[in-house]
Student: 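Mind looking over this structure? Questions follow.
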Amino acid sequence: MPKVTIDGIEIEVPEGTTILNAARMIGGKIVPPAMCYYSKLKQTGGFCRTCLVKVAAGSAKDPRPMPKLMVSCSTTVQDGMVVQNLTSPEVMEARKGVVEFLLINHPLDCPICDQAGECKLQDLGYEHGLDKSRYEFKRRTFEMVDIGDKIKLHMTRCILCYRCVRVADQLTNQRVHGVMNRGDVAEISTYIQNVMDKDFSGNVIDVCPVGALTDRTARFRNRIWYDKPMDAHRNCTKCSGKVILWLKGEEVIKVTARFDKNNEVESFICNECRFDHKKKEDWIIEKPTHVDRHSVIAQNHYENEKQLKMGHTHFEQLNPATPPKFDKNV
C-alpha cells in the first residue's frame, strides 16, 4: 500500500485513496476543509476549491513537486507523496482567496439563519476569512421559493456545491431540480415550484453545508444550541430508521439523519421518518447524541451523569466537601 506524508505525518493507505481521505484517516486539524466533497455521494468534489493542498513531492519514483496547488478531494495518493496543508503559506493564502469568493454574494444573515451554529461556511469564514469584505458591487439576490412542500430554498445563501443535485441523482428515481443558467446568474432551481416531492428528497437539507435548503416544518422554531439532540430509531421499511431527534423539552423540533466524525450522513433517511413522525412517542430514544465539545451545540449538552449531577452546581462537582461561600453584602 502507498505511503503518504501530510504535514510531516506519514500514513499508509489503501490504493486509490485521495489526499483528503488520507488526511481524514490521520484526523485533527490537518484535514483540509471540504464544502462540496461528500464521500457518501458519487461524482462529488472539485467545485468549491477549499481543499487545495500543495504536493511538494509527487511520488518516490518522481519526487518533483506538482506545479500548482491540487484539490485534495480528487487527487489520488502515490507512494512516497509529500503533501503540505497547514504548513504551506501558499495554501493558506489561496484558501483565504477561495473563502473570500464564496462569501462575495453570501448574505450576512447568520443571526436569523436556521443553519447558524452548524454551518460549515461559518467555521470556514472564521478560520480563513477576512475581517471586512473588499467587494464593493451590488450582491446578487434571489427570492425565497418553496422548492417542495416541506423544503425552502434560499438561493441567495447557496454556494453551488452541487451536493443536493448529487443526492437527488443518487437517491430518487427522478431528479426535478438542478443548476440553471451559467456564470454569476447560475442558480439551483426547478422549472415548476413545489415539485420536489420524491421520497428521500429531504436529504438535500442534511447535505447542504449552508442555510440554502431548510426544513419548512422547523424554520425559526428554535436556535440549534437550545435543542437537545438525541439518538433514536424506529422500525421503518424504507430506510434504517436511525435518526437524531432535536428536542425542545418534550417537543420534537426536527428530525435529521445521524452524522459521522466528518459531519457526513451515516445513513440517508426517508421523508416519512423526517417529516411525518414529529412526536417523541413515535421513536425509541437510545442516548444523547455525541457532540464535539468545540461545537456551540455542546452548550448545556451532557451525554452522561458524570458530566452533570442534577441539582448540583459546577463548583459542588469540583469540591463536593466544600460548600460554596457567598458574600451577603453583595
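Heavy atoms only: backbone and side chains are in, while hydrogens, waters and symmetry mates are out.
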Student: Quick one: are Asn85 and Met92 in side-chain contact, heavy atoms under 4.5 Å?
Tutor: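 Counting from C-beta outward, Asn85 and Met92 do come under 4.5 Å.
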Student: side-chain contact (heavy atoms from CB on, under 4.5 Å) with Val4: which of Val55, Ile26, Val77?
Tutor: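 Per the side-chain contact (heavy atoms from CB on, under 4.5 Å) rule, the option paired with Val4 is Val77, out of Val55, Ile26, Val77.
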Student: How long is the gap from OG1 on Thr172 to CG on Asn203, to the nearest 0.5 Å?
Tutor: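 If we round to the nearest 0.5 Å, Thr172:OG1 and Asn203:CG are 10.0 Å apart.
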Student: State, with a plain yes or no, whether a side-chain heavy atom of Leu41 is found less than 4.5 Å away from one of Tyr162.
Tutor: no
Student: If the threshold is 4.0 Å, N to carboxylate O, is there a salt bridge linking Arg274 and Asp206?
Tutor: yes
Student: Quick check: is Met81 connected to Val13 through a chain of hydrophobic side chains (ILVMFWY, heavy atoms under 4.5 Å apart)?
Tutor: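 Yes, Val13 and Met81 fall within the same hydrophobic cluster.
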Student: What are the two closest non-hydrogen atoms of Ala186 and Phe142, and how far apart are they?
Tutor: O-CZ, 4.2 Å
Student: Grab the two heavy atoms, one from Gly129 and one from Val99, that are nearest each other, plus how far apart they are.
Tutor: CA-CG1, 4.0 Å
Student: Count the heavy atoms belonging to other residues, nucleotides or ligands that lie under 6.0 Å from NZ of Lys3, then report whether that count exceeds 12.
Tutor: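 Atom NZ in Lys3 is not packed in, count stays at 12 or less.
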Student: What I'd like to find out is whether the side chain of Arg157 reaches to under 4.5 Å of the side chain of Pro107, using heavy atoms alone.
Tutor: yes
Student: Test your reading of the model: is there a side-chain donor-acceptor pair from Ser59 to the backbone of Gly80, 3.5 Å cut-off?
Tutor: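 No.
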Student: If I take atom CD1 from residue Ile159 and atom OG1 from residue Thr50, how far apart are they, to the nearest 0.5 angstrom?
Tutor: 7.5 Å
Student: Mind running side-chain contact (heavy atoms from CB on, under 4.5 Å) on Glu187 and Cys158 for me, showing each step along the way?
Tutor: CA-CA 8 Å; Glu187 61 174 309; Cys158 180; over 6 Å; no
Student: For a 4.5 angstrom cut-off between non-hydrogen side-chain atoms, does Phe268 reach Lys40?
Tutor: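 A side-chain contact exists here, since the closest heavy-atom pair is under 4.5 Å.
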Student: With ILVMFWY side chains joined below 4.5 Å, transitively, what does Leu245's cluster contain besides itself?
Tutor: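 ILVMFWY cluster around Leu245 also holds Met230, Val243, Leu247, Val252, Val255, Ile269, Trp283, Ile285.
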Student: Please test Asp146 against Lys152 for side-chain contact (heavy atoms from CB on, under 4.5 Å), starting from the C-alpha separation and ending with a verdict.
Tutor: CA-CA 5 Å; Asp146 296 332; Lys152 175 76 76 174; 2.7 Å; yes
Student: May I ask you to test the Cys161-Pro209 pair for a side-chain heavy-atom distance under 4.5 Å?
Tutor: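 Answer yes - side chains close enough.
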Student: Check Asp114 with Lys254, please: is the shortest side-chain N to carboxylate O separation under 4.0 Å?
Tutor: no
Student: Report yes if some heavy atom in the side chain of Glu15 is under 4.5 Å from a heavy atom in the side chain of Met1; otherwise report no.
Tutor: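 No, too far: nothing below the 4.5 Å cut-off.
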Student: Treating Gln115 as the side-chain partner and Gln122 as the backbone partner, does any N or O pair qualify as donor plus acceptor under 3.5 Å?
Tutor: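 No, the answer is negative, given that no donor and acceptor are paired below the 3.5 Å cut-off.
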Student: Are any non-hydrogen side-chain atoms of Cys236 and Cys270 less than 4.5 angstrom apart?
Tutor: yes
Student: Thr289 and Asp231: side chain to side chain donor-acceptor pair (under 3.5 Å), yes or no, with the steps?
Tutor: CA-CA 5 Å; Thr289 302; Asp231 286 352; 2.8 Å; yes
Student: With a 4.0 Å cut-off on N to O distance, would you call Arg258 and Glu266 a salt bridge?
Tutor: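 Here Arg258 does not pair with Glu266 in a salt bridge, since their nearest N and O are not under 4.0 Å apart.
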Student: Verify side-chain contact (heavy atoms from CB on, under 4.5 Å) between Tyr135 and Leu103, making sure each step is shown before the conclusion.
Tutor: CA-CA 10 Å; Tyr135 192 69; Leu103 293 174; over 6 Å; no
Student: Give the cluster check for Phe275 versus Trp246: same hydrophobic cluster or not, with ILVMFWY residues linked at side-chain heavy-atom distances below 4.5 Å.
Tutor: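 Yes, one cluster joins them.
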Student: Less than 4.5 Å apart, any side-chain heavy atom of Asn271 and any of Asp197?
Tutor: no
Student: Report whether Ile244 and Leu213 are members of the same hydrophobic cluster (ILVMFWY, side-chain heavy atoms less than 4.5 Å apart, transitive linking).
Tutor: yes
Student: Identify the heavy atoms of Ser201 and Lys198 that sit nearest to each other, and give their distance.
Tutor: OG-O, 2.6 Å
Student: Is the number of heavy atoms from other residues, nucleotides or ligands under 6.0 Å of Lys242 NZ greater than 12?
Tutor: no
Student: Measure from the side-chain N and O atoms of His177 to the backbone N and O of Ser189, and report whether any donor-acceptor pair falls under 3.5 Å.
Tutor: no
Student: Enter the distance from Asn263:CG to Asp123:CG here, rounded to the nearest 0.5 Å.
Tutor: 9.0 Å
Student: Flag the pair Asp184 and Arg140 as a salt bridge only when some basic side-chain nitrogen lies within less than 4.0 angstrom of an acidic carboxylate oxygen.
Tutor: no
Student: Nearest heavy-atom pair of Cys239 and Cys273: which atoms, and what distance?
Tutor: SG-SG, 3.7 Å
Student: Treating Arg166 as the side-chain partner and Thr44 as the backbone partner, does any N or O pair qualify as donor plus acceptor under 3.5 Å?
Tutor: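 No.
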Student: Once rounded to the nearest 0.5 Å, what's the spacing between atom SG of Cys48 and atom CG of Leu52?
Tutor: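 Atom-to-atom, Cys48:SG and Leu52:CG are 8.5 Å apart.
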Student: Has Ser72 got a side-chain atom pairing as donor or acceptor with Cys51's backbone, closer than 3.5 angstrom?
Tutor: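 Judged by distance alone, yes, a pair lies under 3.5 Å.
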Student: Could you tell me whether Asp169 and Lys42 have a side-chain N and a carboxylate O separated by less than 4.0 Å?
Tutor: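 So Asp169 does not pair with Lys42 through a salt bridge.
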Student: Treating Thr214 as the side-chain partner and Gly211 as the backbone partner, does any N or O pair qualify as donor plus acceptor under 3.5 Å?
Tutor: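 Such a contact is absent between Thr214 side chain and Gly211 backbone.
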Student: If a pair satisfies side chain to side chain donor-acceptor pair (under 3.5 Å) and one of its residues is in residues 16-25, list it, with sequence neighbours excluded.
Tutor: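 Qualifying pairs, neighbours excluded: Thr18-Asn21, Asn21-Tyr37, Arg24-Glu264.
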Student: Could you report the tightest heavy-atom contact between Cys164 and Ile188, atom names first, then the distance?
Tutor: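 Between these two residues, the closest heavy atoms are SG-CD1, 4.1 Å.
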Student: I'd like to know whether Met196 forms a side-chain contact (heavy atoms from CB on, under 4.5 Å) with Val204, so could you lay out the CA-CA distance, the side-chain angles of the two residues, the decisive distance to 0.1 Å, and finally the verdict.
Tutor: CA-CA 10 Å; Met196 201 169 177; Val204 299; 3.5 Å; yes
Student: According to a hydrophobic-cluster definition based on side-chain heavy atoms being under 4.5 Å apart (Ile, Leu, Val, Met, Phe, Trp, Tyr only), do Trp225 and Val291 belong together?
Tutor: yes
Student: Find out if a path of hydrophobic residues (ILVMFWY) with successive side-chain heavy-atom gaps under 4.5 Å connects Leu20 to Met35.
Tutor: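 No, it is not one cluster - the side chains of Leu20 and Met35 are not joined through contacts under 4.5 Å.
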Student: Measure across Pro32 and Arg95 and return the closest heavy-atom pair with its distance rounded to 0.1 Å.
Tutor: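 So the two residues come closest at CB-NH2, 4.0 Å.
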Student: For Tyr126, does the OH atom sit with more than 12 other heavy atoms under 6.0 Å from it, leaving out its own atoms?
Tutor: no
Student: Counting only heavy atoms not in Gln43 (residues, nucleotides, ligands), do more than 12 fall under 6.0 Å from its CD?
Tutor: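 Not buried by this count: 12 neighbours or fewer within 6.0 Å.
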Student: How far does CZ of Arg219 sit from CZ of Arg221, to the nearest 0.5 angstrom?
Tutor: 13.0 Å
Student: How long is the span from the SG atom in Cys73 to the OH atom in Tyr38, to the nearest 0.5 Å?
Tutor: 15.0 Å
Student: Got a donor-acceptor contact below 3.5 angstrom from the Asp227 side chain to the Pro229 backbone?
Tutor: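 No, because the side chain of Asp227 does not come within donor-acceptor range (under 3.5 Å) of the backbone of Pro229.
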